[in-house]
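See below for the structure under consideration.
Just the heavy atoms: all of them, side chains too, but no hydrogens, waters or symmetry mates, feed the values below. All values derive from a computational prediction rather than experimental measurement.
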Amino acid sequence: MTLAVNAKSDNQRRDALAYVTNQLSANPANNPVGTVGVLTKVLPLLTDGASSVRVQLLKLFRTLPPQEVRPHAEKILLYIRGGMTHLSNDVRTDTLNVLDWLLEVAGDEVVSCPGGWLKTLNSFSSMLGWNPNVSSAMTTKGWTSAPKATLGMKKGPESQAKQIQVLAKFLQTGFRPEEPLPYKPRAYWDNIYRLPTTPNPFAYLNLFGLPRDEDSEMYPDRMSRLRVFDMKWRAAITSGMETAKKEGGTVGRAAAILDKALKASLESDGSMQVN
């Protein structure tokens, strides 16, 4: 695994990752360092300069047990947000593929961990140029010059369409209604006396961490995410989305998917109004 990170040759890093992937996909899996050990070593490769290495890295991620990935969603997101704002368009696109995978295996943890909601929305804003501070009215002026520059590049429309599609999936995950917990007569006493079964169960109290600002806060339930989204991001995303529809092509179709997903999510809550 050290070779996968430190090798100077792209082929060596790719082949080392392929070897680890084979070990993890074996039955039974051969993983002496555990999932956390694997993640610690390979996460920096999210922004590797070689496309083949990044593609192989995603294959490796898909072999990790979802139940062992979920407790580390916050750590993975730190690297994902770095890749989402990378200068390379290809790196940004491959990073979105990793975020897509993480939403599949640990969606609830992604949107509820510290910084998982607002900081990730901030990263989408940087990618798409949908800035909530551009215009208070959030008319078409809210669409900045950043996406226009992307559209002029090779793979620009396809890249933008991917960004909008993953944003739609991220919002769907954050706005998904929570399933009601089944009634348990002993739940009250279990909550008092039984040992927690999740890592860092009191993280929401932030007893020993650094003071967090609004972007770094945890938004553990759907209503809190809806509230802060409506206050900070709904107008900006709606404005950018409407302008993206007018672009037509793959970008316009992706924006229509985002519009449908956003309206379906907000319409399920009677206190929110949908434009």
| message | Run the side chain to side chain contact (heavy atoms under 4.5 Å, CB included) test on Val110 and Ile76 for me, step by step, so that the C-alpha distance in whole Å, both residues' side-chain angles and the decisive distance to 0.1 Å come before the verdict. | response | CA-CA 9 Å; Val110 167; Ile76 301 171; over 6 Å; no

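- With contacts defined as side-chain heavy-atom distances shorter than 4.5 Å, the pair Leu103/Leu99 qualifies.
- The structure places CD of Glu109 at 11.0 Å from OG1 of Thr173, a figure rounded to the nearest 0.5 Å.
- In this structure, Glu217 and Leu118 have side chains that are not in contact, with every pair of non-hydrogen atoms separated by 4.5 Å or more.
- Contact annotation: the side chain of Leu58 approaches that of Arg62 to within less than 4.5 Å [non-hydrogen atoms, C-beta and beyond].
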| said: side chain to side chain contact (heavy atoms under 4.5 Å, CB included), that's the test. Do Ile80 and Met84 meet it? Break it down for me. | reply: CA-CA 6 Å; Ile80 287 177; Met84 290 172 68; 3.8 Å; yes

Under 3.5 Å, which donor-acceptor pairs link side chains of residues 63-73 to any protein atom two or more places apart or in another chain?
from  : atom 1 : to     : atom 2 : distance (Å)
Thr63 : OG1    : Leu60  : O      : 2.6
Glu68 : OE1    : Thr35  : OG1    : 2.4
Arg70 : NE     : Val105 : O      : 2.8

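- At a threshold of 4.0 Å, the pair Asp94-Lys162 does not count as salt-bridged, since none of the basic side-chain nitrogens sits closer than that to a carboxylate oxygen.
- Between Leu43 and Phe61, the shortest heavy-atom contact is CD2-CZ, 3.8 Å.
- Side-chain N/O atoms of Ser51 and Asp90 include no donor and acceptor closer than 3.5 Å.
- Counting only distance, with no hydrogens or angles, the side chain of Ser125 and the backbone of Trp130 share a donor-acceptor pair below 3.5 Å.
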| Arg54 and Leu46: side chain to side chain contact (heavy atoms under 4.5 Å, CB included), yes or no, with the steps? | CA-CA 6 Å; Arg54 300 192 302 271; Leu46 266 176; over 6 Å; no

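- Side-chain atoms of Gln163 and Leu167, non-hydrogen and from C-beta on, never get closer than 4.5 Å to each other.
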I'd like a table of donor-acceptor pairs (distance under 3.5 Å, sequence neighbours excluded) in which one partner is a side-chain atom from residues 15-22, with atom names and distances.
from  : atom 1 : to    : atom 2 : distance (Å)
Thr21 : OG1    : Leu17 : O      : 2.7
Thr21 : OG1    : Gln56 : NE2    : 3.2
Asn22 : ND2    : Ala18 : O      : 3.3

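- For residues 24-51, no residue pair satisfies the ring-ring contact (aromatic ring centres under 6.0 Å, His included) rule, not counting sequence neighbours.
- Proximity of Asp230 to Arg227: side-chain heavy atoms (C-beta onward) are nowhere separated by under 4.5 Å.
- In this structure, the side chains of Ser112 and Met218 stay at 4.5 Å or more apart for every pair of heavy atoms.
- Using a distance-only test at 3.5 Å, with no hydrogens or angles considered, a donor-acceptor pair links the side chain of Ser224 to the main chain of Asp221.
- Considering CZ of Arg222 and CG of Asp108, their distance stands at 12.5 Å, rounded to 0.5 Å.
- There is a path of hydrophobic side-chain contacts, each under 4.5 Å, that joins Met241 to Leu96.
- Annotation for Glu158 and Thr250: closest pair N-OG1, 4.1 Å, computed over non-hydrogen atoms.
- No donor-acceptor pair under 3.5 Å is formed between the side chain of Ser239 and the backbone N or O of Ala235.
- Note that CD of Gln172 is 10.0 Å distant from NZ of Lys260, once rounded to the nearest 0.5 Å.
- Put simply, Leu57 and Val91 are part of two different groups of oily side chains (I, L, V, M, F, W, Y) that touch within less than 4.5 Å, one to the next.
- A salt bridge is absent between Glu214 and Lys119: the closest approach of a Lys/Arg side-chain nitrogen to an acidic carboxylate oxygen does not fall below 4.0 angstrom.
- In terms of heavy atoms, Val251 sits closest to Pro157 at CG2-O, 3.5 Å.
- Here the shortest heavy-atom pairing between Arg225 and Val111 reads CD-O, 3.5 Å.
- Counting heavy atoms from C-beta outward, Glu104 and Lys169 have side chains that approach closer than 4.5 Å.
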| field | Derivation of the side chain to side chain contact (heavy atoms under 4.5 Å, CB included) call for Thr40 and Val36 | value | CA-CA 6 Å; Thr40 300; Val36 63; 4.2 Å; yes

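- Minimum interatomic distance between Arg92 and His86 (heavy atoms only, all atoms of both residues): NH1-O, 2.8 Å.
- Put simply, the side chain of Thr120 reaches to within 4.5 Å of the side chain of Leu77, judged on heavy atoms.
- Note on Phe170 and Ile257: separate hydrophobic clusters, where clusters join Ile, Leu, Val, Met, Phe, Trp and Tyr whose side-chain heavy atoms are under 4.5 Å apart, directly or indirectly.
- In this structure, Met223 is a member of the same hydrophobic cluster as Leu262, with clusters built from ILVMFWY side-chain heavy atoms closer than 4.5 Å.
- Closest approach of Ala255 to Ala244, counting heavy atoms only: CB-CB, 3.7 Å.
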| request: Any chance you could lay out the ring pair (Phe, Tyr, Trp, His ring centres under 6.0 Å) test for Tyr219 and Phe229, step after step, and finish with the verdict? | output: CA-CA 11 Å; Tyr219 297 93; Phe229 176 82; over 10 Å; no

| request: Just do the ring pair (Phe, Tyr, Trp, His ring centres under 6.0 Å) check on Phe124 and Trp117 with the steps written out, would you? | output: CA-CA 11 Å; Phe124 275 112; Trp117 185 241; 10.0 Å; no

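- Transitive grouping of hydrophobic side chains (ILVMFWY, heavy atoms separated by less than 4.5 Å) keeps Leu39 and Val55 in distinct clusters.
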